[in-house]
Colleague: 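Below are the structure tokens for one structure; questions will follow.
Just so it is clear, the structure is predicted and the values come from calculations on it, not from any experiment.
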Amino acid sequence: AHIAERLLASSSYRKSELQEIIDLSKNNAKPSLSHSTFFWQSEHYAHQRPNYYTTVRMFSTRNMNMEEPYNGEGITNHHRGDGTNYLSLTGAEYLNLAPVNDWQKIPGTTILQKPSLPPENQIQKAGAMEFVGAVTDGLYGAVGFDFISPHNPLKARKAWFFFDDEYVCLGAGINSETNNIAVTTLNQCFLNGNVVVSAGGNKQTLAKGEHALTDMNWVFHDSVGYLFPHSTQVVLSNQAQTGSWHIVNRQTSSSKEELRKDVFKLYINHGTQAKNASYQYIVMPATSRQAVETASQNPQVDIVNTPSVQAVWHRNLQILQAVFYKNGRIDAGGLQVATDEPCIVMVKTDGGKIKEISVADPLRKLDKIHLSVNNAKVSIDLPQGMFAGKSATIKFS
């Protein structure tokens, strides 16, 4: 029997989700579920929409960056906790990509590019960052990551803001005092079809190869758009990469046969000795090239991206999401939000009226958060004990 059917037969727990899984696999049903979930103990955020699923994986002083490579597996996983942001529309994007993967260009991460990875006994490290967390109301969410690399002299403030048709990825205060270049990777997945880019308003379909592109507006590949609110320099590779299972897995059964697969890889090069570098890009999953072009010409989001606050106002949804790394204020979308403490905030509005405020304390130290929203004082009690880091939401009638 189908595993979901067996679970359903034993309990009514999450009945509607299990029934949908059964219908999807057996009855050609269309997916319908949406959620935003933050697992505050493991620093893992998941965002589901009917036609895509995406995650952010982090770590903090409260846990380790990665598991040990037991059984000789995962021996290239050094950077897989560094703000990894995988995106799946079909489930096939990364399936068996591991042998040919470039392990210093993991989607979502900012990584110093080294001649080779450290040895496998240097994978698991304790986190040095306290400010790691996310706010969510169960449907939308924002993630904040005060990243310090446990492997290299590199720091970055990284944030993600999740909506329906798009999510926004921001980096600020990227600093590395080394001659290795720092790179932020937007995605690395199997190449599937053409890659179309727009640079300086000129569209072209790229031939296979590695391309250094300037003045970028957007990239479109495999039903996903990558938009740059400010024209950006990127490197885009749409060509074969080689490797073997033996590179990532030391077991005796691991094949040493060289594999060759076409891979799509898109990244931003911050250069050597990066000083206060930044990035901003918008990901539009399960979309069309036309929709990406329209969104590029008529953005739905306003962005603030500094080392002290990273925020997005979504004009259409009328939602403000803000990551405050220290006390401060922000003006966006007709809202003025100020906080006395570091926190992550989401304000939902309707025609200028505040409907809902959600907050979270990534430092897990406060018992309440004091905000000023359009000069009205708001105090919100926070979950405590093992629930510290979980979001709290208050609604206004």
Colleague: So does His2 get a backbone contact from the side chain of Glu5, meaning a donor-acceptor N/O pair under 3.5 Å?
Modeller: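 Here the side-chain-to-backbone pair exists.
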Colleague: Could you state the interatomic distance from CD (Gln251) to CH2 (Trp245), rounded to the nearest 0.5 Å?
Modeller: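 The distance works out to 11.0 Å.
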Colleague: So does Lys30 pair up with Glu20, basic N to acidic O under 4.0 Å?
Modeller: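 No, this pair does not count.
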Colleague: For residues Phe162 and Tyr45, establish whether the separation of their ring centroids is below 6.0 Å.
Modeller: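 They qualify: ring centres under 6.0 Å apart.
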Colleague: For His221 and Cys189, which heavy atoms make the closest approach, and how far apart are they?
Modeller: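 What the structure gives for the nearest pair is CE1-SG, 4.0 Å.
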Colleague: Test your reading of the model: is there a side-chain donor-acceptor pair from His314 to the backbone of Phe163, 3.5 Å cut-off?
Modeller: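 Side chain of His314 to backbone of Phe163: no pair is present.
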Colleague: Is the charged tip of Lys105 near the ring of Tyr267: under 6.0 Å from the six-membered ring centre and within 45° of its axis?
Modeller: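 Because its charged atom sits under 6.0 Å from the ring centre and within 45° of the axis, Lys105 does stack over Tyr267.
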Colleague: Would you say the side chain of Asn180 lies within less than 4.5 Å of the side chain of Thr272, judging by non-hydrogen atoms?
Modeller: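 No, their side chains stay 4.5 Å or more apart.
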Colleague: What's the shortest heavy-atom distance between His270 and Thr184, and which atoms?
Modeller: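 Smallest heavy-atom distance, with atoms named: NE2-OG1, 2.7 Å.
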Colleague: Would you call Lys158-Asp82 a salt bridge at under 4.0 Å N-O?
Modeller: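 Salt bridge flag = no for Asp82 with Lys158.
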Colleague: Do the side chain of Glu258 and the main chain of Gly243 share a donor and acceptor less than 3.5 angstrom apart?
Modeller: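 Flag not set: sc Glu258 to bb Gly243 has no pair under 3.5 Å.
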Colleague: His211 and Ser237: side chain to side chain donor-acceptor pair (under 3.5 Å), yes or no, with the steps?
Modeller: CA-CA 6 Å; His211 314 269; Ser237 172; over 6 Å; no
Colleague: Quick check: does any side chain N or O of Asn194 sit under 3.5 Å from a backbone N or O of Thr205, one acting as donor and the other as acceptor?
Modeller: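 Checked: no pair found.
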Colleague: When clusters are formed by joining ILVMFWY residues with side-chain heavy atoms under 4.5 Å apart, either directly or through shared neighbours, do Leu191 and Leu87 land in the same one?
Modeller: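 Yes.
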Colleague: May I ask you to check whether Thr37 and His35 show a side-chain donor-acceptor distance below 3.5 Å?
Modeller: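 Note: Thr37 and His35 side chains meet the donor-acceptor criterion.
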Colleague: What distance separates Ile106 CD1 from Asn85 CG, expressed to the nearest 0.5 Å?
Modeller: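 If we round to the nearest 0.5 Å, Ile106:CD1 and Asn85:CG are 12.0 Å apart.
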Colleague: Report the C-alpha separation of Gln273 and Asn179 in whole Å, then their side-chain angles, then the decisive distance to 0.1 Å, and conclude whether the side chain to side chain donor-acceptor pair (under 3.5 Å) test is met.
Modeller: CA-CA 6 Å; Gln273 302 278 347; Asn179 289 328; 3.2 Å; yes
Colleague: For the residue pair Phe131 and Tyr325, is the inter-centroid distance of their aromatic rings smaller than 6.0 Å?
Modeller: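 Yes, ring centres under 6.0 Å apart.
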Colleague: So how far is it from Phe59 CZ to Arg80 CZ, rounded to the nearest 0.5 Å?
Modeller: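 Between atom CZ of Phe59 and atom CZ of Arg80 there are 14.0 Å.
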Colleague: Check for a donor-acceptor pair, side chain of Ser149 on one end and backbone N or O of Asn152 on the other, with a separation under 3.5 Å.
Modeller: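 Here the side-chain-to-backbone pair exists.
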Colleague: With the threshold set at 4.0 Å, does a side-chain nitrogen-carboxylate oxygen contact exist between Lys365 and Glu130?
Modeller: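 The answer is yes: the pair qualifies as a salt bridge.
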Colleague: How about Arg57 and Glu43: do any of their side-chain heavy atoms sit closer than 4.5 Å?
Modeller: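 Side-chain contact under 4.5 Å: no.
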Colleague: The criterion is ring-ring contact (aromatic ring centres under 6.0 Å, His included); which residues satisfy it with Tyr140, sequence neighbours excluded?
Modeller: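 Partners of Tyr140 by the ring-ring contact (aromatic ring centres under 6.0 Å, His included) criterion come out as none, since no residue qualifies.
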Colleague: Given the rule in the side chain to side chain donor-acceptor pair (under 3.5 Å) test, do Thr55 and His47 qualify, once you have shown the distances and angles that lead to the verdict?
Modeller: CA-CA 6 Å; Thr55 56; His47 189 76; over 6 Å; no
Colleague: Could you tell me whether Lys265 atom NZ has more than 12 heavy atoms of other residues or ligands within 6.0 Å of it?
Modeller: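 Atom NZ in Lys265 is packed in, count exceeds 12.
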Colleague: Return the CD1 to OG1 distance between Ile330 and Thr339, rounded to the nearest 0.5 Å.
Modeller: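 These two atoms lie 12.0 Å from each other.
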Colleague: For residues Val235 and Glu210, report the shortest heavy-atom separation together with the two atoms involved.
Modeller: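 Smallest heavy-atom distance, with atoms named: CG1-CG, 4.0 Å.
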Colleague: One thing to verify: whether Glu341 and Lys326 come together as a salt bridge, which I'm taking to mean a side-chain N less than 4.0 angstrom from a carboxylate O.
Modeller: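 Here Lys326 does not pair with Glu341 in a salt bridge, since their nearest N and O are not under 4.0 Å apart.
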Colleague: Working to the nearest 0.5 angstrom, can you tell me the gap between Ile380 CD1 and Ser358 OG?
Modeller: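 Spacing of CD1 (Ile380) from OG (Ser358) equals 7.5 Å.
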Colleague: Under 6.0 Å between ring centres: does that hold for Tyr94 and Phe190?
Modeller: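 When the ring centroids of Tyr94 and Phe190 are compared, they turn out to be at least 6.0 Å apart.
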Colleague: Side chain of Arg315, backbone of Pro299: donor and acceptor closer than 3.5 Å?
Modeller: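 Indeed, once roles are kept as given, a pair shorter than 3.5 Å links the two residues.
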Colleague: Which heavy-atom pair separates Ile123 from Pro69 by the least distance, and what is that distance?
Modeller: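 Shortest heavy-atom contact: CD1-CG, 3.9 Å.
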Colleague: With no hydrogens and no angle check, is any side-chain donor or acceptor of Ser255 less than 3.5 Å from a backbone partner on Glu257?
Modeller: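 Such a contact is found between Ser255 side chain and Glu257 backbone.
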Colleague: Distance-only, no hydrogens or angles: does the Asn65 side chain make a donor-acceptor pair with backbone N or O of Lys125 under 3.5 Å?
Modeller: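 Here the side-chain-to-backbone pair exists.
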Colleague: Report yes or no: does Thr109 contribute a side-chain atom to a donor-acceptor pair with the main-chain N or O of Ile111 at less than 3.5 Å?
Modeller: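 Absent.
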Colleague: Where the side chain of Thr294 meets the backbone of Gln290, is there a donor-acceptor pair that is under 3.5 Å apart?
Modeller: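 A pair under 3.5 Å: yes.
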Colleague: Under 6.0 Å between the ring centres of Phe228 and Tyr226?
Modeller: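 No, the ring of Phe228 stays outside the 6.0 Å limit from the ring of Tyr226, centre to centre.
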Colleague: Going by atom types alone, do Lys348 and Gln318 pair a side-chain donor with an acceptor below 3.5 Å?
Modeller: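 No - no donor-acceptor pair under 3.5 Å links their side chains.
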